[in-house]
Number of protein chains: 2
Amino acid sequence: MNTQDVILGLLCKEPRSGYDIKQHFEQYFSFFFDASYGTIYPTLTKMEGLELITKESIRQEGKPDKNVYTVTEKGKEHFREYLERAAEPELLRSDFLMHLYFGDMADPEAMNGIIRRALEEKKRMYDDLEDKYRKLDSVTGPYQKLCMELGLVQYKAFIVKLEEMLGKSGD
Amino acid sequence: MNTQDVILGLLCKEPRSGYDIKQHFEQYFSFFFDASYGTIYPTLTKMEGLELITKESIRQEGKPDKNVYTVTEKGKEHFREYLERAAEPELLRSDFLMHLYFGDMADPEAMNGIIRRALEEKKRMYDDLEDKYRKLDSVTGPYQKLCMELGLVQYKAFIVKLEEMLGKSGD
DNA sequence: TTACCCATGTAAAGGGTTACATGATTTT
DNA sequence: AAAATCATGTAACCCTTTACATGGGTAA
């Protein structure tokens, strides 16, 4: 899975601009995928060259022009191939867990702060995701909902465990 | 957090070779960090140049020579600075969740297979991690254990949710 | 008037993986 | 006889982020 596959998937649902794509990443994918404008725009140009998508410049009133991309038949076929491929193994990179792992080398006070901050951060992410979940429109399919539910239960488990940890060590 | 920081942390505990470091990554960090030999060896060379570590060649019987690296005072100081820095935000990249998100565009049979495989894979990872957890020696500090416990509860939450999903859709 | 939203793009640098190359010893 | 373990290293490539560049409209 790379940015190209994901963009292709979004454009299979409806035509979008690079800016719209980034918005969608932030709204719905933020907890398991992200890409910056520095990746999105060059990728769109590349995909146009490969004839996976076509560009149309739209003039807007009171806003800058936007380039709206539409997937081609070739692009749809590419995405179908992606969907059929076995999913790549999940990748997690957690600097918090690394800090925790080496916790005995740090000042206990500092570690406490790090754990507390991680907990606050996770709670914030949980609330954010829950908020997005509640705001899902009726058009949203069951699979999208399941995605978010999977995110929520994992966040929750993390939060519960961390709170249990902090509780045990007094405070 | 980059590979250099993590290597520094490990070498602060005891001198190790590149090979040993990779073993440790696989044993204890696999669920929240990894790096290949193609990163580890060049990084060690670079770190030696920066005088964060020193190299010693050890001749072994029946095995190839190994380069054992020891952290310097400068290296320890670097690692202390890393530990004091606020943890970077967690990064998850899940191709399974991406497949799931676009599930309505795929064949329902194929989706079922993808979900089943994801569940089996997670269960395998859970069992692996639990096995490592049970085998932890008495020397292992409480922080290392907490790391693994956090991994376990999140895996568990994912498994429970996925099984609930599969159960609901009959079969 | 400051800041944020909309909108697109480029260049440099960073950080990483995969594949290749080598080779002895031990286990199956 | 084959495969796994121990052990190190390089080169090519891939993908990505960050910082920079630009600029009009709108909300606080």
Side-chain angles (χ1 to χ4, degrees), chain A residues 1-8 10-11 15-27 29-30 32-50 53-69 82 88-95 98, chain B residues 1-8 11 15-27 29-30 32-50 53 55-69 82 88-95 98:
Chain A
M1 172 185 62
N2 54 27
T3 303
Q4 179 172 309
D5 296 321
V6 183
I7 289 177
L8 227 34
L10 283 186
L11 295 184
R16 281 182 173 91
S17 68
Y19 190 84
D20 294 339
I21 289 167
K22 175 67 176 161
Q23 299 300 101
H24 197 97
F25 284 179
E26 277 165 19
Q27 275 238 330
F29 296 161
S30 55
F32 66 92
F33 179 82
D34 194 27
S36 65
Y37 287 120
T39 302
I40 294 168
Y41 289 121
T43 300
L44 285 167
T45 305
K46 192 187 101 197
M47 290 165 75
E48 202 195 350
L50 293 170
I53 57 177
T54 55
K55 177 165 75 173
E56 196 192 350
S57 272
I58 307 283
R59 263 166 250 155
Q60 299 182 112
E61 281 176 46
K63 286 182 191 176
D65 290 5
K66 61 157 78 178
N67 299 327
V68 173
Y69 294 90
Y82 159 75
E88 291 160 28
E90 195 173 279
L91 184 83
L92 175 66
R93 188 172 260 239
S94 171
D95 196 18
M98 195 58 81
Chain B
M1 171 185 62
N2 54 27
T3 303
Q4 178 173 309
D5 295 321
V6 183
I7 289 177
L8 227 33
L11 296 183
R16 282 181 172 91
S17 68
Y19 191 84
D20 295 338
I21 288 167
K22 175 67 175 159
Q23 300 299 100
H24 197 98
F25 283 0
E26 277 164 18
Q27 276 239 329
F29 296 161
S30 54
F32 65 93
F33 180 82
D34 193 28
S36 65
Y37 287 122
T39 302
I40 294 168
Y41 288 121
T43 300
L44 285 167
T45 305
K46 191 187 100 195
M47 288 165 76
E48 202 195 350
L50 293 170
I53 56 176
K55 176 164 77 174
E56 197 190 351
S57 273
I58 307 284
R59 263 165 251 157
Q60 299 181 111
E61 281 175 47
K63 288 182 189 176
D65 290 4
K66 61 156 80 179
N67 300 325
V68 173
Y69 294 90
Y82 159 74
E88 290 159 30
E90 195 174 279
L91 185 82
L92 174 67
R93 188 172 261 238
S94 171
D95 196 18
M98 195 58 80

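Just so you know, these numbers come straight off a predicted model, no measurement behind them.
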Between the CG atom in A/D65 and the CD atom in A/Q60, the distance rounded to the nearest 0.5 Å is 7.5 Å

Whole-Å distance, A/Y19 OH to C/dG9 P, equals 15 Å

Of the candidates C/dA7, D/dT8, D/dT10, the side chain of B/P42 sits closest to D/dT10

Winner on side-chain proximity to A/K55, out of D/dC6, C/dG9, C/dT8, is C/dG9

Whole-Å distance, B/I21 CD1 to D/dT8 C1', equals 13 Å

Value for CZ (A/F33) from CE (A/M1), rounded to nearest 0.5 Å, stands at 6.0 Å

To the nearest 0.5 Å, atom CG of A/D5 lies from atom CE of B/M98 at 9.0 Å

Taken to the nearest whole Å, OH/A/Y41 to C1'/C/dT8 is 5 Å

Rounded to whole Å, CZ of A/R16 lies from C1' of C/dT8 at a distance of 18 Å

(request) Start with the C-alpha gap between B/Y82 and A/D95, add the side-chain angles, then the distance that decides, and say whether side chain to side chain donor-acceptor pair (under 3.5 Å) holds. (result) CA-CA 10 Å; B/Y82 159 74; A/D95 196 18; 2.4 Å; yes

In B/S/- notation (B base, S sugar-phosphate only, - none; protein heavy atoms under 4.0 Å), nucleotides 12-28 of chain D written 5' to 3' is ---SSBB----B-S---

A/R59 atom CZ is separated from C/dA7 atom P, nearest whole Å, by 16 Å

Under 4.0 angstrom, heavy atoms only, what part of the nucleic acid is A/S17 near: base, sugar-phosphate, or nothing? sugar-phosphate

Separation of D/dT8 atom C1' from B/K66 atom NZ, nearest Å, is 12 Å

So CD of B/Q4 and OG1 of B/T39: to nearest 0.5 Å the spacing works out to 12.5 Å

To the nearest angstrom, the CD-P distance between A/E61 and C/dC5 comes to 23 Å

Problem set entry | Check: A/F25 and A/I7 side chains under 4.5 Å, non-hydrogen atoms | yes

To the nearest angstrom, the NZ-P distance between A/K22 and C/dC4 comes to 17 Å

Rounded to the nearest 0.5 Å, the OG atom of A/S17 sits from the OH atom of A/Y41 at a distance of 6.5 Å

Open item on the list: Looking at A/Q60, I'd like to know whether one of its side-chain N or O atoms comes within less than 4.0 Å of OP1 or OP2 on C/dA7.
Closed with: yes

